[in-house]
Amino acid sequence: MPFTQLRLESKGLQTNSPSQIQLVFSLRDQNGRALESPIPPQQMQSAMTIFERGPSTNGWEPIDTSETSFFVHPGTNFDLEMVFVLDFTASMAQTRLPDGRSGIQVMVDTFIESMDRVSVAHRIGLVEFHDRNFPPFVLSELTLDREALKKKAGDFAAGAGKSYEPGASEVRTALVAALPLFSSQAQNPYTTRVLVFLSDGKDRSSPTPWLNIATLANNRGVQIYALGVGNVLESDLKQIKEVTGSTKGFYYSAENIELIQIRLRELIRDLSGQYVVSYTTLRSVGSYEVRFEVNIGGIVGTLIASIGDVSKFKGNDLLGRITFDPPTIDLAQHKATLFMRALHIPRGITKLRFRLDTQKPIQLAIVKKEDGGLLDGWTLTGPDNGYYTVETTPDRPLAFGNFGPLFKIEADDVTEPGLAIPLLFDSTIYGQTGKSFASVAPPQPTGTPTPTPTPTPTRTPTPTPTPTPGPVQMGLNDVMFSGASQSGPQIAVPQGKLVKVFANELTGSSFVHYYVQVRWNGALIYDPTDPEKRPFVETIA
């Protein structure tokens, strides 16, 4: 159905040096749903006008596009992390479609299909929940490997009744387990984070209330999208909608299991239909308001945002800024994959010359245009004396202020859980123009995505860590305490040092839900909400 109203919905706004204002938004129709057909980026850019209003303006004034520029890119250009939380409980297993498939099989088939609909640069994670007697299981940390994700989901579904038994729902506990998979905002401020889950709303076991989940998600900058399956209870429906709305996500209703496929496609289309608009303001001081206006066929949608003091993020726009997305590391295969991305492009750039200062064997490939790449059609040569060169013809320079993926990098002989590749630029190729490029410090990997075994019925809920002889390990899942104090046990180690376990309260209910932090000699070394410190900690008692 054609839309009769147009609404711009903000998913996040940030300001960056040099003088860059960037808004992530989605377009919705009169019913609050994503447009049935996403607007192509070029059409969107033609349909958009940007206005500023502040102390030195006379009301709303359009930005001067003869001296600056703005860009509208689709979701494929995003640095995006997405975690799926899938429901393998008895209610899903017992549902049958006319074609004989169970609800679980429909869900998994739809998930596998969706993997071919998201950008190759997006990092995907996967969490399952199947029985309240077992903690949710991380089937995959964030990864770029689509085939591995498909296999993990398919293999787990095939194990129903063999390696696990579908039971009662604990979806809220699964969401708590999924949130630490995302990188932190401080670690990587340029990332969009999305959590997708299915639920019939009948979770009576999870200790964490919906309100706390919304708080945890907002603290990590995560949008939550929910597929409500079947006849969701009214009280649960209200709370789920509040959670999705407060995190800038959305709720989709699948009244029966047959609609899961349609609704998940709609959700993926919704995410693909998000856009990011970015421009370099010519203002140098003061606080301003910005109005983004989209006019499609005479139907106008607007969004107004307040911008803090421009002088706080004003910078030299002759300096290009390039970074790396967090890497996906497969220690079993000794491989790492990551994307190199432009954050800001100076004027008139037709050539880049750079060195990846690593001894590891690497393969470098230009990201294709359909995947959001900015350099499609350019020529890549090297390495020559360690330097790669990529260039185009003088009449096709990169647009001033543009941003997006540049290269896909694959590294071999990776034996460490972290990977940092120093990036060095040869800016002498720009002569005396003052133009140069700098590397923005790359973030650390999100966890240690080593192969994860399929859980079996013998797996028991995560125990409360206690002093034991020999190595002590604490894994990925949250630790539950009933009536525990906020200061946990101490584990003695050599040289008289102490490992202290601190339990931090997440709920105020009678069954109190805590997560554990560990400090070694005063330094935080284990935190389930921090990917760098989450995977495990081991010491000798």
Look up atom CZ in Phe129 and atom CG in Leu198, then write down how far apart they are to the nearest 0.5 Å. 7.5 Å

Quick one: closest heavy-atom pair of Glu165 and His130, and the distance? O-CD2, 3.5 Å

For a 4.5 angstrom cut-off between non-hydrogen side-chain atoms, does Leu126 reach Phe156? no

What is the distance from atom OG1 of Thr244 to atom CD of Gln239, rounded to the nearest 0.5 Å? 12.0 Å

Quick check: does any side chain N or O of Thr247 sit under 3.5 Å from a backbone N or O of Ala217, one acting as donor and the other as acceptor? no

Who passes side chain to side chain donor-acceptor pair (under 3.5 Å) against Glu416, sequence neighbours left out? Lys360

Any residue meeting side chain to side chain donor-acceptor pair (under 3.5 Å) with Glu289, in chain and number order, not counting sequence neighbours: Arg53

On the 0 to 90° scale, with breaks at 30° and 60°, tag the His73-Phe403 ring pair as parallel, tilted or perpendicular. perpendicular

Closest approach of Gly249 to Lys11 (non-hydrogen atoms, all atoms of both residues): O-NZ, 4.1 Å

If every non-hydrogen atom of Asp87 is compared with every non-hydrogen atom of Ile104, which pair is closest and at what distance? O-CG1, 4.1 Å

Check: Phe292 ring centre within less than 6.0 Å of Phe25 ring centre: no

My understanding is that only residues two or more places apart in sequence, or in another chain, count here; which of them pass side-chain contact (heavy atoms from CB on, under 4.5 Å) with Ser119? Thr76, Ala121, His122

Would you say Arg132's side chain and Ser205's backbone share a donor-acceptor pair under 3.5 angstrom? no

Please check if the side chain of Tyr275 supplies one atom and the backbone of Met44 the other of a donor-acceptor pair under 3.5 Å. no

Distance, nearest 0.5 Å, that separates CG of Asp145 from CD1 of Ile124: 11.5 Å

What pairs with Glu147 under salt bridge (charged side-chain N to carboxylate O under 4.0 Å, His left out), at least two apart in sequence or on another chain? Lys150

Donor-acceptor pair, Arg193 side chain versus Val83 backbone, under 3.5 Å? no

Quick one: CD on Glu410 to OG1 on Thr337, what's the gap to the nearest 0.5 Å? 4.5 Å

By side-chain contact (heavy atoms from CB on, under 4.5 Å) - contacts of Gln333 (at least two apart): Asp330, Lys335

Do Gln223 and Thr192 come close enough that some side-chain heavy atom pair is under 4.5 Å? yes

CD of Glu113 to CZ of Arg265: how many Å apart, nearest 0.5 Å? 4.0 Å

Under the ring-ring contact (aromatic ring centres under 6.0 Å, His included) test, residues paired with Phe339 that sit two or more places apart: none

Do the side chains of Leu142 and Thr328 get nearer than 4.5 Å, heavy atoms only? no

I'd like to check the side chain to side chain donor-acceptor pair (under 3.5 Å) partners of Lys241; sequence neighbours left out, ordered by chain and number. none

What is the minimum heavy-atom distance between Pro166 and Ala90, and which atoms define it? CB-N, 3.6 Å

Check whether Thr323 reaches the backbone of Val440 with its side chain - one donor and one acceptor, N or O, closer than 3.5 Å. yes

Start with the C-alpha distance between Val176 and Ile213, add both sets of side-chain angles, then the distance that settles side-chain contact (heavy atoms from CB on, under 4.5 Å), and finish with yes or no. CA-CA 7 Å; Val176 173; Ile213 289 171; 4.2 Å; yes

Below 4.5 Å, heavy atoms only, C-beta onward: do Pro135 and Thr173 meet side chain to side chain? no

Return the minimal non-hydrogen interatomic distance between Phe313 and Gly308, and the atom names on each side. CE2-O, 4.1 Å

Any non-hydrogen side-chain atom of Leu331 less than 4.5 Å from a side-chain atom of Ile329? yes

Here the gap from Arg123 atom CZ to Ser140 atom OG, rounded to the nearest 0.5 Å, amounts to 12.5 Å

Please list, chain by chain and in numerical order, all residues satisfying side chain to side chain donor-acceptor pair (under 3.5 Å) with Asp109, sequence neighbours excluded. Arg101, Gln105

Just jot down the salt bridge (charged side-chain N to carboxylate O under 4.0 Å, His left out) partners of Lys151, sequence neighbours excluded, or say none. Asp155

Sidechain-backbone polar pair: Glu81 side chain, Phe182 backbone, donor-acceptor under 3.5 Å: no

Tell me the closest heavy-atom pair linking Arg96 and Ser102, and the distance in Å. NH1-CB, 2.8 Å

Mind running side-chain contact (heavy atoms from CB on, under 4.5 Å) on Leu227 and Val196 for me, showing each step along the way? CA-CA 8 Å; Leu227 274 73; Val196 178; 4.3 Å; yes

For Arg28, all residues meeting salt bridge (charged side-chain N to carboxylate O under 4.0 Å, His left out), sequence neighbours excluded: Glu9, Asp270

Side chain to side chain, Ile224 and Ser246, heavy atoms closer than 4.5 Å: no

Less than 4.5 Å apart, side chain to side chain, heavy atoms only: is that true for Ile240 and Phe197? yes

For Glu170, does its backbone N or O pair with a side-chain atom of Arg172 as donor and acceptor, under 3.5 Å? no

Test side-chain contact (heavy atoms from CB on, under 4.5 Å) on Asn219 and Thr215 and set out the steps. CA-CA 6 Å; Asn219 288 344; Thr215 300; 3.8 Å; yes

For Met92 and Leu86, run side-chain contact (heavy atoms from CB on, under 4.5 Å): C-alpha distance rounded to whole Å, both residues' side-chain angles, the deciding distance at 0.1 Å, then the answer. CA-CA 10 Å; Met92 293 289 286; Leu86 300 186; over 6 Å; no

Please list, chain by chain and in numerical order, all residues satisfying ring-ring contact (aromatic ring centres under 6.0 Å, His included) with Tyr252, sequence neighbours excluded. Phe250

Are any non-hydrogen side-chain atoms of Leu27 and Phe3 less than 4.5 angstrom apart? no

With sequence neighbours left out, what residues match Glu266 under salt bridge (charged side-chain N to carboxylate O under 4.0 Å, His left out)? Arg33, Arg263

